[in-house]
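Below is one structure, written out as C-alpha cells, with a few remarks after it.
Just so you know, these numbers use all the heavy atoms, side chains as well, and skip hydrogens, waters and symmetry mates.
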Amino acid sequence: MALIPEDFIQDLLNRLDIVEVVERYLPLKKTGQNYSACCPFHKEKSPSFTVSPTKQFYHCFGCGVHGSAIGFVMEYEGLGFQDTVEKLAESIGMQMPKREGRRDEAPRRQLQSSLIELNTRAMHFYREQLKRHPRAIDYLKRRGLSGQIAARFGLGYAPDGWHPLADCFSDYASNPQLGEVGLVIDNANSGRRYDRFRDRVLFPILDGKGQVIGFGGRIIDQGEPKYLNSPETPLFQKGLELYGLPQARAAIRARNRVLVVEGYMDVVALAQLGVEYAVATLGTACTPEHVKKLMRLADQVVFSFDGDRAGRKAAWRALENSLALASDGKTLSFLFLPAEHDPDSYIREFGREAFEALIDHEALGLVAFLCRELAAQVDLSTEEGKAKFLFLAKPLVEQVRAPALGVLLRKKLAEMAGLNAAEVSQLLGGASPMAARQASAPAPSAPQAAFKPRQPASGNGAWGGKSNDWKGKSRDGWRRDQGRDEGAPPPAGERQASDLGFELLQILLAAPKYALELPQNELPANELSVSMRAILRVVDFVVEQPEVPATGHLLEALREDTCAPLLASAFAKGRDIYREGDEAILAQTWQQALARYLLLMEKPKAARRQAELAAKGLSNLSADERAEYGRLVLLGR
C-alpha cells in the first residue's frame with residue numbers, strides 16, 4: 001500500500017461507484033436507499049448483503065464482511081491490494097502514478113508483459129504436444145484424469161529432446177528473455193542452450209489475473225527430480241504464488257474452505273473427483289505471504305500433508321508461519337493422511353465423501369497440533385519435561401496475537417503441564433484479559449504518560465486547523481509515547497472514556513462529517529482510552545481531506561492501521577443502531593454524546609482547580625472562590 005500514493009487511492013475511490021463495481025460480479029436489487037443481494041462470501045438463502053451508495057460501502061449482516069470497492073474486489077478475486085488498485089484504475093481509465101524511487105516502472109511493466117507473452121506461447125505449444133504424444137496421454141489416463149480436467153488446468157507435455165521449443169520460437173538461439181523467464185538453460189561452459197523441461201507433463205502456473213507466470217513439470221517415468229519448477233523470475237516468486245488458485249477460487253468461496261496440498265497432481269486429481277477448493281504450494285514451504293493470501297480466501301484453511309517425517313516437518317513450518325497471522329474469526333487446521341496415502345490416492349480409494357469426512361473430523365486445529373508436537377519432544381511425566389515443554393512453547397505463544405486463541409492456547413498448555421492458567425500466563429507472558437487489565441492500570445502513585453495536547457490553528461476554533469503534534473512520527477512510535485500499546489485492553493479507570501469513545505466511533509463512521517465538530521485537543525492522558533486513540537486517527541484523516549469523505553473511503557484509508565479492527569467493530573455495531581436516512585436521530589444522538597464528551601474533558605480541569613482551591617484552605621477563600629469550589633465538588637461527583 002505504501003507504494004501507491006494515498007491521494008491516488010482516495011481519488012480512485014471518489015471516481016468509482018461501489019454499486020457499479022459490485023454489479024460487475026453479482027446482481028443487486030434496489031431496497032430503499034441501498035442495494036442487496038445474497039452474500040457471495042458465504043451460503044445463504046435470503047439476502048443479507050447490502051451495498052450503500054451514499055457511504056460507498058458494502059456489509060453483510062450474515063457473515064460480517066465489509067469494505068470499500070477495493071476491499072470487495074480483493075475479497076472476491078483473491079487479489080493483492082496493489083493488483084486490485086491497478087485493475088480498478090484501469091477499468092475507469094485512470095493512469096497509475098509513477099512510484100517514488102521507481103523510474104524504471106514503465107520498462108519493468110513492458111518486460112513483464114513480454115515475459116508473460118513468451119510463457120503463454122510456450123503453454124499453447126506444450127498443450128499441442130500433449131495431443132501428439134500418446135505416452136503422455138496414457139500417463140494422465142492412468143492417473144485418472146479426463147481430457148476435460150486436463151484442458152481446464154491447461155496441462156501440456158514437454159517432448160524429450162534438447163530444444164523442442166525451437167519449433168515454437170524462431171529466435172530460440174538468440175532471445176535472452178527465454179532464459180529470463182526460465183524456459184531455457186544457458187550452459188556457461190559450452191555456451192549451448194537447451195530446454196529446461198524435457199519429457200515431462202507440464203502444469204502452467206497462473207497468477208491472480210490468470211496470466212501464465214511459470215510452469216511445473218512432473219516426470220512421467222522414474223527419475224529425479226520428480227517435480228521441476230520454473231526458477232525465480234521477474235514474474236514468478238514461489239513464496240507468493242499458489243498453484244490452482246484461479247481454477248479453485250469459485251469453489252473456495254462457495255465452501256468457505258481452502259485445502260492446501262503438496263503437489264500439482266493432488267490439486268488436479270482432487271478437482272477431477274469433486275474437491276475443487278484445493279491449491280498447492282510451489283516446491284517451497286508455506287510462507288507468511290501464502291498464509292495471508294489463504295486467509296483472505298476463506299474462513300477455514302486446512303493444510304494436508306503426508307504422515308511421514310517430511311510431511312510433519314512441512315506442517316510445522318506452516319504452523320510457525322501462521323501463528324502471528326492467526327485470527328479468532330478464522331480456523332487453521334492440519335490433516336495428516338495415513339502413511340501409504342496422499343490426497344490423490346486416498347480420494348480414489350475411498351471417495352470424495354470419505355475424504356471430506358476426514359477433513360471434518362480428523363484435522364487437528366492449530367492449538368491441538370502445536371501442543372501435540374511439543375509434547376512429543378519431552379517427557380510430560382517428569383517435572384523437568386514439563387519445564388522444557390513450556391520453554392519450547394514460550395517463543396511460539398508470544399507470536400499469537402488473536403486474543404481468544406491466545407487464551408485458549410495458554411489454557412491447554414496449562415492443563416498439559418499440570419499448572420493453572422495464571423501460572424502459565426506468568427511464565428509465558430500475555431496474561432488473561434482480567435490480568436492484563438490489572439497489569440496495565442497505572443498505580444495510584446505512578447505518573448501518567450505525558451500527552452501533548454492537540455493545538456488548534458489560531459483563529460480557527462478547536463478544529464479549524466490541522467493537528468501536527470504527532471506528524472512525522474511513525475504510528476508505532478506515537479503509540480509508545482502514550483505509554484501503552486493500542487491493542488491492549490483499557491484499564492478499569494478508562495471504562496467511562498472507552499465506552500463513550502466506542503459510541504462516538506459508531507456515530508463518526510455513520511456520519512464522518514461530525515469529526516469536524518469534535519474538540520478533542522484538550523483531552524488529558526489519563527482519559528485517553530483505546531477508543532479515543534482510534535478517534536484521533538479518524539479525525540486526523542477527515543480534517544486533512546478537501547471534503548468530508550464517505551465512510552467507505554475513510555475505512556479504506558485506515559485499513560492497514562492498528563485501529564482498523566476496532567473501527568470495523570464500531571461500524572458493524574453502528575449499522576445495527578443507525579439506519580440509513582435517520583439523520584434526525586443520528587444528529588440528536590451525536591449532540592448528547594458530544595455533551596457527555598465535553599463534560600468528560602472538563603472533569604480533569606475541575607479536579608485540578610478544586611485541588612488548587614483546597615490547598616489554599618477553605619477559610620482563606622473569597623466568597624466567589626467558595627461558590628466556585630462548591631460547583632466543582634458537585635461536578636466531580
Side-chain angles (χ1 to χ4, degrees), residues 107-143 145 147 149-207 209-238 241 243-244 246-247 263-265 268 280 282-283:
R108 184 185 69 84
R109 287 180 177 276
Q110 187 175 4
L111 172 63
Q112 284 189 327
S113 178
S114 179
L115 296 182
I116 287 171
E117 182 183 354
L118 291 179
N119 274 340
T120 304
R121 288 172 61 187
M123 178 188 69
H124 292 309
F125 171 78
Y126 291 137
R127 293 182 67 175
E128 286 299 317
Q129 293 303 308
L130 177 62
K131 299 175 184 177
R132 301 176 186 179
H133 288 78
R135 177 168 159 271
I137 295 175
D138 289 342
Y139 169 78
L140 295 177
K141 286 182 177 179
R142 290 198 307 271
R143 297 300 299 262
L145 301 184
I149 203 73
R152 178 182 173 190
F153 284 87
L155 303 190
Y157 172 69
D160 197 8
W162 288 106
H163 41 75
L165 278 176
D167 294 337
C168 178
F169 300 102
S170 60
D171 56 353
Y172 178 89
S174 59
N175 188 340
Q177 291 186 343
L178 291 173
E180 289 183 52
V181 82
L183 288 170
V184 301
I185 297 174
D186 291 306
N187 189 304
N189 295 323
S190 66
R192 299 182 64 180
R193 167 173 284 191
Y194 56 91
D195 289 9
R196 178 178 299 275
F197 300 104
R198 304 186 306 279
D199 194 27
R200 290 177 180 270
V201 172
L202 285 194
F203 301 80
I205 301 166
L206 310 181
D207 65 8
K209 300 176 184 178
Q211 302 174 132
V212 186
I213 57 175
F215 295 91
R218 207 288 188 189
I219 198 163
I220 291 180
D221 297 319
Q222 298 300 316
E224 293 295 335
K226 183 178 178 181
Y227 283 99
L228 179 65
N229 295 317
S230 293
E232 299 274 324
T233 72
L235 296 178
F236 177 54
Q237 289 84 44
K238 292 184 291 186
E241 306 297 339
Y243 175 72
Q247 295 89 347
Y264 307 110
M265 190 60 74
V268 179
L282 297 158

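- Not less than 6.0 angstrom separates the ring centroid of Phe169 from the ring centroid of Phe125.
- Look at Arg193 and Asp186 and you find a salt bridge, because one of the NZ, NE, NH1 or NH2 atoms lies within 4.0 Å of a carboxylate O, short of that distance.
- The ring pair (Phe, Tyr, Trp, His ring centres under 6.0 Å) test applied to Phe197 returns no partner, not counting sequence neighbours.
- Put simply, CG on Asn119 and CD on Gln177 are 11.0 Å apart, with the number rounded to the nearest 0.5 Å.
- When the shell of 6.0 Å around CZ of Arg135 is examined, it contains more than 12 heavy atoms from other residues, nucleotides or ligands.
- Relative orientation of the Phe215 and Tyr126 rings is perpendicular, given thresholds of 30° and 60° on the angle between their planes.
- The distance from the CG atom of Leu228 to the CZ atom of Arg196 is 6.5 Å, given to the nearest 0.5 Å.
- Here Ile116 contributes atom CD1 and Met123 contributes atom CE; the two are 12.0 Å apart, rounded to the nearest 0.5 Å.
- Note: Tyr194 and His163 fail the aromatic proximity criterion, with ring centroids not under 6.0 Å apart.
- Distance check, rounded to the nearest 0.5 Å: NE2 of His124 to CD of Glu128 gives 9.5 Å.
- Taking CG of Leu282 as the start and CD of Gln237 as the end, the distance is 11.5 Å to the nearest 0.5 Å.
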From CA spacing to verdict: side chain to side chain donor-acceptor pair (under 3.5 Å), Asn229, Tyr243: CA-CA 11 Å; Asn229 295 317; Tyr243 175 72; over 6 Å; no
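- Of all heavy-atom pairs spanning Arg200 and Ile219, the tightest one is NH1-N, 3.4 Å.
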Derivation of the side-chain contact (heavy atoms from CB on, under 4.5 Å) call for Leu155 and Leu202: CA-CA 6 Å; Leu155 303 190; Leu202 285 194; over 6 Å; no
Check against side chain to side chain donor-acceptor pair (under 3.5 Å), Asp199 and Tyr157: CA-CA 7 Å; Asp199 194 27; Tyr157 172 69; 2.6 Å; yes
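- Looking at Val181 and Ile213, their side chains never come closer than 4.5 Å, going by heavy atoms from C-beta outward.
- Atom OG of Ser113 is separated from atom CD of Gln211 by 8.0 Å, given to the nearest 0.5 angstrom.
- The closest side-chain heavy-atom distance from Phe236 to Ile205 is below 4.5 Å.
- When side chains are defined from C-beta on, Val201 counts as touching Phe203, because their heavy atoms get closer than 4.5 Å.
- Residues Leu165 and Leu178 have side chains not in contact (no heavy-atom distance under 4.5 Å, counting atoms from C-beta outward).
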